[in-house]
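Note that the structure is a prediction, hence the values are computed from the model and not measured. Order of listing sets the numbers, starting from 1, for every ligand and every atom in it.
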Amino acid sequence: MADQGGGFTPGVAARLRLADDSGAFVKAMPVTHPLADAYRHEARIAAGLPSAAPVPRLLWHGTAEGWVVLVFDDVDGRHPDPTPGSADIEPVVDAIAAMSRTLTPCPVAELEPSSTARGAWLHGWELLAQDPPEDLGAWERQHLAELAKAETVWRSHADGPALVHGDIRPDHLLTTTGGHIAVVDWAHAFHGAPWQDIADLVPHLVMAGHTPAAEHHLAGVDTWEEADEEVLTSYAAAYAGYWTRMSRQPAPKGVPHLRPYLRRAAATALAWVRHRTGAA
Ligand SMILES: Nc1ncnc2c1ncn2[C@@H]1O[C@H](COP(=O)(O)OP(=O)(O)O)[C@@H](O)[C@H]1O
Ligand SMILES: [Mg+2]
C-alpha cells in the first residue's frame with residue numbers, strides 16, 4: 001500500500017496492490033468527520049461521470065466499518081509539472097478544455113449551482129473589511145472597499161451548462177506515461193459555467209513560479225476567451241479574499257501544512273488581481 005501525500009484532508013487515500021497484482025485507489029473518511037459529506041458528494045459525482053470523461057472509474061462506494069469509502073481504478077501517473085518552461089502545461093490546458101466540452105451539458109442531475117455552492121465560501125474581503133487583521137498588507141488595506149465590491153461580480157456569471165470540477169490544481173491531475181491526463185477528486189464539483197475550471201489553473205501556475213502573465217497559456221481556450229474580463233478579475237479578487245481570510249483562521253487539527261499554503265495562495269491571487277487591474 002502506498003499512502004498518497006499532497007492532500008490536505010485527514011482521511012485515508014492510498015494506492016492498493018491487490019493479490020492478483022491489479023491495482024485500486026481507495027479513499028476513506030470516518031462517517032463522523034465533517035468532510036464525510038464531501039466524500040459522499042464525490043461518490044455521487046463520480047458515479048455519474050460519462051466514460052468519455054478523463055477520470056478514473058469509480059469501482060465501488062459505500063459505508064464500511066464506520067468509514068465512507070470510495071474505490072477507483074488506480075492511475076499510474078505523476079502530477080504534471082506546472083513550473084515555467086514545463087512541457088506539461090500545454091497538454092494540461094488542452095485536457096481541461098476537452099474535459100469541459102465532454103461535461104457540457106452537465107451529466108449529473110440536481111447539483112447545486114456554482115453561484116450558491118461556491119459563492120458561499122469563495123469570498124473574503126467584505127468579511128475582512130469588518131475587522132481588518134493587523135497584519136493585512138498595505139495595498140489590500142488601502143483597496144479593501146474596492147476588493148469587497150469586486151469579489152462578488154463573478155457570482156452572477158458562475159452558473160452555466162457544465163459539470164465543473166471546482167478544484168483544478170496540479171495535485172488533482174495525473175499524467176500517465178502514455179501522456180493521458182486524469183482528473184481526480186471530484187468532491188467540489190457543481191453545476192456551472194466552465195470558465196471556472198480553466199481559470200483555476202492561473203493561481204496554481206503563479207504558485208509554481210510564473211508571473212500572472214502566465215494567463216497567456218490559456219489563449220485559444222474558448223471558455224477562457226469567452227469569459228468577461230471583469231468577471232475574471234472579480235474571480236481573482238474572490239480567490240485572494242478567500243485565501244487571505246482562511247489563512248488567518250486556526251488550522252484544523254491534523255492539517256499542519258494548510259496555513260502556510262494559504263498564505264502563499266493569498267499572495268499569489270493578490271498578484272493576479274494586481275496584474276489584471278494594472279496595479280503593479
Ligand atoms: N485514482 C487514483 N489513482 C492514483 N492516485 C490517485 C487517484 N486519485 C487520487 N490519487 C492521488 O491521491 C491524492 C489524493 O487524492 P484526492 O482525491 O485529492 O484526496 P483528498 O480527498 O484527500 O484530497 C491525489 O492528489 C493524487 O495524487
Ligand atoms: Mg484532493
Side-chain angles (χ1 to χ4, degrees), residues 1-18 21-64 67-82 88 92 95-96 99 117-118 121-122 163-190 196-197 200-201 203-204 207-208 239 242-243 246 251-259 261-262 264-265:
M1 176 174 121
D3 190 29
Q4 294 301 105
F8 292 114
T9 51
V12 172
R15 299 178 66 188
L16 302 180
R17 179 75 30 216
L18 307 179
D21 212 33
S22 65
F25 178 83
V26 60
K27 49 194 282 192
M29 184 65 73
V31 289
T32 50
H33 194 281
L35 286 171
D37 273 347
Y39 274 43
R40 290 190 193 97
H41 179 70
E42 178 176 0
R44 193 160 91 77
I45 303 281
L49 288 169
S51 57
V55 297
R57 224 166 12 129
L58 179 67
L59 301 174
W60 186 85
H61 67 98
T63 304
W67 292 73
V68 179
V69 181
L70 286 75
V71 184
F72 294 92
D73 271 338
D74 180 44
V75 180
D76 189 10
R78 58 174 179 83
H79 296 306
D81 170 9
D88 287 349
V92 162
I96 305 298
M99 177 191 84
R118 304 188 91 199
W121 57 266
L122 188 49
L163 176 65
V164 176
H165 177 277
D167 200 9
I168 292 292
R169 53 185 207 212
D171 68 295
H172 288 154
L173 303 170
L174 291 165
T175 302
T176 64
T177 41
H180 176 75
I181 291 166
V183 185
V184 301
D185 199 351
W186 289 77
H188 307 281
F190 49 83
Q196 292 161 94
D197 275 344
D200 279 356
L201 282 176
H204 294 285
M207 265 185 267
Y239 263 117
Y242 168 66
W243 280 325
M246 294 306 287
K253 229 175 116 199
V255 198
H257 308 303
L258 187 58
R259 275 184 55 147
Y261 169 81
L262 289 170
R264 271 197 312 124

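When all heavy atoms of M99 and V183 are compared, the pair lying nearest together is SD-CG2, 3.8 Å. What you find for H204 and I168 is that their closest heavy atoms are CD2-O, 3.4 Å.
Within the 4.5 Å cutoff, the side chain of L59 has heavy atoms near those of the D73 side chain.
Paired with H188 under the rule side chain to side chain contact (heavy atoms under 4.5 Å, CB included), one option of I45, D167, V164 passes, and it is D167. The side chain to side chain contact (heavy atoms under 4.5 Å, CB included) with H79 is formed by just one residue from the set T175, L174, L173; it is L174. Under the ring pair (Phe, Tyr, Trp, His ring centres under 6.0 Å) rule, W186 has a single partner from H61, H165, H41, H172, which is H165.
Taking distance alone, with nitrogen or oxygen atoms compared against 3.5 Å, D171 approaches ligand 1 more closely than that limit. For ligand 1, the polar-atom distance check finds no N/O of P56 at less than 3.5 Å from any of the ligand's N/O atoms.
Atoms of ligand 1 lying under 4.0 Å from at least one heavy atom of H172, given by number and element, are 18 (O). Residue-ligand proximity, Y39 to ligand 1, at heavy-atom distances under 4.0 Å covers atoms 20 (P), 21 (O), 22 (O). Those atoms of ligand 1 that come under 4.0 Å of a heavy atom in D73, given as number and element, are 1 (N), 2 (C), 3 (N). Those atoms of ligand 1 that come under 4.0 Å of a heavy atom in D74, given as number and element, are 3 (N), 4 (C). Interface of K27 with ligand 1, defined as ligand atoms under 4.0 Å from a residue heavy atom, comprises 16 (P), 17 (O), 19 (O), 20 (P), 21 (O). Residue-ligand proximity, H79 to ligand 1, at heavy-atom distances under 4.0 Å covers atoms 25 (O), 26 (C), 27 (O).
Figure legend: cation-pi geometry between K27 and Y39, with NZ or CZ positioned under 6.0 Å from the six-membered ring centre and within 45° of its axis.
Among the backbone and side-chain atoms of D185, an N/O/S atom is found under 2.8 Å from the Mg ion (ligand 2).
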